[in-house]
Amino acid sequence: PAAPGSHGAGGKNGMAPNGAQGGEAKPIDFSVLATGAMSDYEGARHLELVTDETEWRRVWARVGGGRPAPDVSFNTRAVVVVYQGRQATGGYSVEITGIKRVGTVLAVNVLERRPASGDVTTQVVTSPFVAVSIPRPPTGATVRFEGARSVGEPQPNRKKTVRPRGTTRRGRRGRGR
């Protein structure tokens with residue numbers, strides 16, 4: 001039960017929308033450290049919470065493109081990284097639009113852009129990412145995607161057989177035969 005004057009978790013049966021118990025969703029301030037399309041990350045869409053210098057060096061080796069890593073004071077800060085995943089062309093990007101904390105769960109809202117059908121794109125494999133700095137979360141915090149939105153259209157990968165009009169499977173044209 002929620003304490004008098006509190007609003008609870010906002011979910012059903014006292015559960016937060018993510019299944020975590022208790023606490024209100026609190027917006028988290030963040031600042032962008034880096035964003036780009038050419039990370040070395042080769043996996044699928046992924047979200048990562050970085051809470052120490054060693055992990056930050058590992059992540060930065062993937063996304064930094066040889067540039068010096070931004071300074072992060074891990075005594076008071078942490079980093080959230082979103083990888084959009086490997087893409088076959090340019091025209092893709094990802095951005096974080098909001099982060100909320102419910103207990104120890106950080107719910108990350110992202111906006112993913114993809115080229116619309118017919119857009120001219122670079123023919124190069126890309127791997128878009130964004131890294132943001134946040135106030136250090138409680139020990140044991142986890143991250144998850146929430147409310148992802150996409151802009152643009154996915155390029156169709158389906159092969160579809162197209163038959164000329166008026167042709168049936170038996171090769172007949174039109175009616176009356």
Side-chain angles (χ1 to χ4, degrees), residues 10-12 16-20 25-50 55-70 72 77-102 105-135 137 141-169 173-174:
K12 295 178 184 175
N18 59 14
K26 297 176 183 161
I28 302 293
D29 289 328
F30 62 94
S31 58
V32 176
L33 296 172
T35 186
M38 302 303 288
S39 77
D40 289 340
Y41 180 76
E42 295 184 358
R45 183 175 185 250
H46 182 66
L47 181 61
E48 191 169 352
L49 177 63
V50 180
E55 283 298 298
W56 178 229
R57 288 183 196 281
R58 180 190 59 78
V59 167
W60 190 254
R62 248 189 221 159
V63 301
R67 299 179 307 254
V72 178
R77 309 289 295 173
V79 176
V80 173
V81 184
V82 175
Y83 301 99
Q84 191 175 20
R86 196 171 204 183
Q87 307 298 331
T89 68
Y92 290 84
S93 67
V94 62
E95 87 180 67
I96 294 175
T97 58
I99 302 174
K100 294 179 190 166
R101 181 170 70 86
V102 178
V105 177
L106 301 174
V108 181
N109 287 292
V110 298
L111 174 64
E112 297 184 72
R113 289 185 176 84
R114 64 186 78 227
S117 181
D119 279 359
V120 175
T121 61
T122 57
Q123 298 302 300
V124 63
V125 174
T126 60
S127 184
F129 72 94
V130 61
V132 300
S133 172
I134 63 169
T142 58
V143 289
R144 69 174 175 80
F145 285 107
E146 180 170 295
R149 296 181 304 152
S150 292
V151 175
E153 303 171 27
Q155 294 184 351
N157 289 332
R158 291 182 261 151
K159 291 184 179 179
K160 186 175 180 182
T161 304
V162 178
R163 292 190 182 98
R165 289 181 169 223
T167 303
T168 65
R169 286 187 178 198
R173 289 193 170 265

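Values below: all heavy atoms of this structure, side chains included; hydrogens, waters and symmetry mates excluded. Treat the numbers as computed from the prediction; the structure is a model and nothing was measured.
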How close do [X] and [Y] get, heavy atom to heavy atom, and via which atoms?
X   : Y    : result
L47 : R144 : CD2-C, 3.2 Å
L49 : V143 : CB-CG1, 3.8 Å
T89 : P115 : OG1-CG, 4.3 Å
G85 : P128 : O-CD, 3.6 Å
T35 : V94  : OG1-O, 3.9 Å

Are any side-chain N or O atoms of [X] and backbone N or O atoms of [Y], one a donor and one an acceptor, separated by less than 3.5 Å?
X    : Y   : value
T126 : M38 : no
E48  : V81 : no
R67  : G64 : yes
S39  : R62 : no
S127 : Y41 : yes

Q. What residues, two or more places apart in sequence or in another chain, satisfy side-chain contact (heavy atoms from CB on, under 4.5 Å) together with A69?
A.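 For A69 the side-chain contact (heavy atoms from CB on, under 4.5 Å) partners, ignoring immediate neighbours, are W56, W60.
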Interatomic spacing from [atom1] in [X] to [atom2] in [Y] - rounded to 0.5 Å:
X    : Y    : atom1 : atom2 : value
I96  : I28  : CD1   : CD1   : 12.0 Å
T97  : E146 : OG1   : CD    : 10.0 Å
L106 : T142 : CG    : OG1   : 7.0 Å

(Q) Other residues, nucleotides and ligands only: do more than 12 of their heavy atoms fall within 6.0 Å of CZ on R58? (A) yes
Q: Take V50 and V72 through the test side chain to side chain contact (heavy atoms under 4.5 Å, CB included) and record every step on the way to the result.
A: CA-CA 10 Å; V50 180; V72 178; over 6 Å; no
Q. Heavy-atom distance under 4.5 Å between the side chains of Y92 and T121, does that happen here?
A. no
(Q) Could you tell me if the side chain of R45 sits less than 4.5 Å from the side chain of V110, heavy atoms only? (A)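 In contact.
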Q.
Considering only residues two or more places apart or on different chains, which pairs with a residue in residues 84-96 satisfy salt bridge (charged side-chain N to carboxylate O under 4.0 Å, His left out)?
A. E95-R113
Q: Take I99 and V132 through the test side chain to side chain contact (heavy atoms under 4.5 Å, CB included) and record every step on the way to the result.
A: CA-CA 10 Å; I99 302 174; V132 300; 4.1 Å; yes
Q: State which residues pass side-chain hydrogen bond (donor to acceptor under 3.5 Å, both in side chains) with R77; sequence neighbours excluded, sorted by chain then number.
A: S133
